[in-house]
Structures are given as C-alpha cells and as structure tokens.
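Below is one structure, written out as structure tokens, with a few remarks after it.
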Amino acid sequence: RNESLDFKEVPDNLTNLFTQCQKVLGLPFIVQDALGESGWDTSLVSTEDELQEARKKIKSGLRATKYLTNNVPVSVHVCILDDQTIVRGPWLQLIGLPELSLSPFRFTLNDTNQSLLSQSFINEVLGMSSKIAKFAKTEGYRGILGIDYLWDRDTGVIYPQEINSRLVGLTRLLTGIQKDQSLFPDLLKHIEAFDTPNYSSKCKTLCAGEINFSEHDYSQVIIRNNEPSNIKILTRLEPGIYQLRGSSLQKVKA
C-alpha cells in the first residue's frame, strides 16, 4: 500500500494535522476528500497555508497520501458474475489535462493505447485485479466495479489506489467499444445479474468475443467547463464514436 493517513474529523486549527502528515508522508503530500470525486477535490500540499486552502474542498473527512512524483495511473474494469469474472484493461488514465480541467489531478479521460505498458506490467495488474475480484465475490459483491492503480516509475511498484464499487467512467468507454465492434457489452451482463430480462437472447446481432485493438485504439474524452465563470456553449459535441479525419473530428456512430 502507498503510505496514507485518514482523518474522520478535520479541526479548524490544522497545525497538528499538517505536522503529522509531514512526519509520516514527507513534503509535499496529497490530500483529498475521504470519498473522492474524480480528482477535483485532490490537492498537492507543501505548506500549512496550502492545506488550509485544500480543506475548502473537503466534505466528509480527509485522506492524506504520500506523493509519488513519477507515476502512471491505470484503470481496470471488472464484472463479477455467478459463473465468471471478467477483467478488462489495464488502460491508461490521463489526469488533469489543462485543456479539459482546471484541476491538475482531475480525471479527464481513459486511453486504450498500451504501448507504454509492458506485458509483465499488464500481467501483474491483471493478477492483482483477479485477486481483488475474488475477494469481493466472497464478500457477496456482484456486477461491475472499477479498480485504479498507480505505477511508481521510480521504484517499479504498482499500488492499488482505490476500488469503486459501482459503474465507473470506464464503463462508458468499454460499452462504446463493444457496441462499435458488435460485442455483447459487459454492462448488459451486469444488468442481467440483477434483473430478469435476458438480453443475451434478445441481442441477436451481438456476439461474445474479445475486443480487437489491431486496427486502432480508443480514447474517452471528458470535456468540462475550463473557465472560472459561466460560458455559453456555441456548438454541442454529441456523445458518440468519433474518428480523426484530417484535422477534424467526425462522428461515425451514435
């Protein structure tokens, strides 16, 4: 585990809390709300004044974590069913792109291009994910969950960062990929685990199979208001599957 400290109560005077974090985690360190929300509430803290500023984003307790200066974040998509456990990924997370988010730690997209990731890295992450999924299943969990990892490039250590026990951002990308390739979506398998409709028999045009990345990769871009004030949207980008043609984006599928 990456070194971390959890505080259920955050006092008005942060001197002792800052001193404790500095002693255990070093400087700078990362703070975020205990529940977290796509990284918008995440801050890098070097001074007590910066901790005071970061506290404004904290609603339900504070989590402080050792700062990994050279890391690559990845996501894994898991679907736990009675008769199988499906693990997809790992896929790159791109964080805090300034064109898309004011926060330097906010999740902005996933990218399936794995050229940065070695096969040994992929195998290790998939192995860890299978163990986490097996444990979750013994605890009674069913359906989709997401697992995020941080790969410390300086030490080579892969840290499980968090488990999101719900549908996750990656679910949208995975569903879009599977629809694009006429594959039966993991999302429908998730719904079948809790509901009576038998989508498998209704989706005659969709087949089971593995995703094919031999022709191209896929990315998911999340566009947020990047201005400090309200803006007027002149052109709305419809959700869908797009391709780069020349220098412009063209929608090719819903």
Side-chain angles (χ1 to χ4, degrees), residues 2 28 30-33 35-44 57 63 65-78 87-119 121-122 124-126 128-129 144-164 166-180 186-187 211 213 215-227 237-245 247-252:
N2 190 23
I30 292 285
V31 299
Q32 66 179 147
D33 188 86
L35 297 180
E37 189 175 335
S38 298
W40 78 268
D41 53 2
T42 303
S43 304
L44 185 64
K57 304 176 185 178
R63 184 169 188 257
T65 311
K66 182 180 178 181
Y67 178 47
L68 304 178
T69 59
N70 181 20
N71 73 80
V72 174
V74 298
S75 298
V76 172
H77 195 273
V78 178
V87 182
R88 311 282 187 187
W91 291 326
L92 294 170
Q93 282 188 13
L94 300 188
I95 305 296
L97 295 177
E99 296 85 357
L100 300 178
S101 173
L102 287 175
S103 169
F105 297 103
R106 189 158 195 174
F107 170 80
T108 50
L109 62 91
N110 284 110
D111 193 315
T112 63
N113 188 324
Q114 297 190 23
S115 60
L116 182 67
L117 310 178
S118 67
Q119 192 59 50
F121 171 87
I122 294 171
E124 185 172 353
V125 171
L126 291 179
M128 295 167 72
S129 301
I144 287 172
L145 61 83
I147 309 173
D148 296 334
Y149 295 90
L150 287 179
W151 177 24
D152 188 337
R153 298 296 301 276
D154 292 328
T155 64
V157 175
I158 303 168
Y159 293 102
Q161 184 183 19
E162 66 175 351
I163 299 172
N164 292 304
R166 53 175 170 78
L167 302 184
V168 292
L170 197 54
T171 306
R172 292 186 291 244
L173 177 61
L174 178 60
T175 304
I177 294 171
Q178 290 174 320
K179 284 178 62 181
D180 188 45
D186 294 5
L187 177 59
I211 296 169
F213 291 117
E215 295 184 10
H216 54 78
D217 298 292
Y218 295 80
S219 295
Q220 168 183 252
V221 180
I222 297 177
I223 302 172
R224 309 180 193 274
N225 181 356
N226 198 29
E227 298 294 330
L237 192 65
E238 293 288 340
I241 300 289
Y242 287 78
Q243 287 184 348
L244 272 174
R245 293 176 177 170
S247 59
S248 63
L249 277 175
Q250 293 189 17
K251 185 176 179 179
V252 294

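These numbers come from the heavy atoms of this one structure, side chains and all, not from hydrogens, waters or symmetry mates. The first residue in the sequence is number 1, and the count goes up from there.
Applying the side-chain contact (heavy atoms from CB on, under 4.5 Å) test between W151 and each of N70, V125, L117 identifies L117 as the sole match.
Separating the CG atom in D186 from the CZ atom in R88 is a distance of 4.0 Å, to the nearest 0.5 Å. Here N2 contributes atom CG and T65 contributes atom OG1; the two are 6.5 Å apart, rounded to the nearest 0.5 Å. Atom-to-atom distance recorded for D217:CG and I211:CD1 is 11.5 Å, nearest 0.5 angstrom. For the atom pair CG of L94 and OG1 of T108, the computed distance is 6.0 Å after rounding to the nearest 0.5 Å. Residue L145 holds its CG atom at 9.0 Å from OG of S129, rounded to the nearest 0.5 Å. In this structure, CG in L170 is found 9.0 Å from OG1 in T175, a value given to the nearest 0.5 Å.
Under the 3.5 Å distance criterion, the side-chain polar atoms of N164 are left unmatched by any main-chain donor or acceptor of R166. The backbone N or O of W40 lies less than 3.5 Å from no partner atom in the side chain of S38, so there is not a single donor-acceptor pair.
Taking all atoms of both residues into account, the shortest heavy-atom contact from Q220 to R172 is OE1-CB, 3.4 Å. Taking both residues in full, the closest heavy atoms of P90 and F121 are given as CG-CE2, 4.2 Å, listed atom of the first, atom of the second, then distance. Contact detail for I95 and F107: the closest heavy-atom pair is CD1-CA, 3.9 Å. Scanning all heavy atoms of the two residues, the minimum distance from Y218 to L173 falls at CB-CD1, 4.2 Å. Of all heavy-atom pairs spanning G240 and K251, the tightest one is CA-CE, 4.2 Å. Summarising the geometry of P73 relative to L150, their closest heavy-atom pair is CB-CD2, 3.7 Å, with the distance given to 0.1 Å.
Looking at heavy atoms from C-beta onward, S75 lies out of side-chain contact with V168 at the 4.5 angstrom threshold. Contact annotation: the side chain of L97 approaches that of L109 to within less than 4.5 Å [non-hydrogen atoms, C-beta and beyond]. A 4.5 Å side-chain heavy-atom check between L35 and D41 finds every atom pair outside the cut-off. A heavy-atom distance below 4.5 Å is not found between the side chains of Q250 and Q243. Residues V252 and R245 have side chains in contact (heavy-atom distance under 4.5 Å, counting atoms from C-beta outward). In this structure, V221 and Y242 have side chains that are not in contact, with every pair of non-hydrogen atoms separated by 4.5 Å or more.
Side chain to side chain, Y159 and N71 fail the donor-acceptor criterion of an N or O pair below 3.5 Å.
Between F105 and Y67, the two ring planes are perpendicular [angle over 60°; tilted spans 30° to 60°].
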Should N110 and L92 be marked as a side-chain contact (heavy atoms from CB on, under 4.5 Å) after you check the CA-CA gap, both sets of side-chain angles, and the distance that decides it? CA-CA 6 Å; N110 284 110; L92 294 170; over 6 Å; no

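Annotation for K57: atom NZ counts as buried by contact number, over 12 foreign heavy atoms lying within 6.0 Å.
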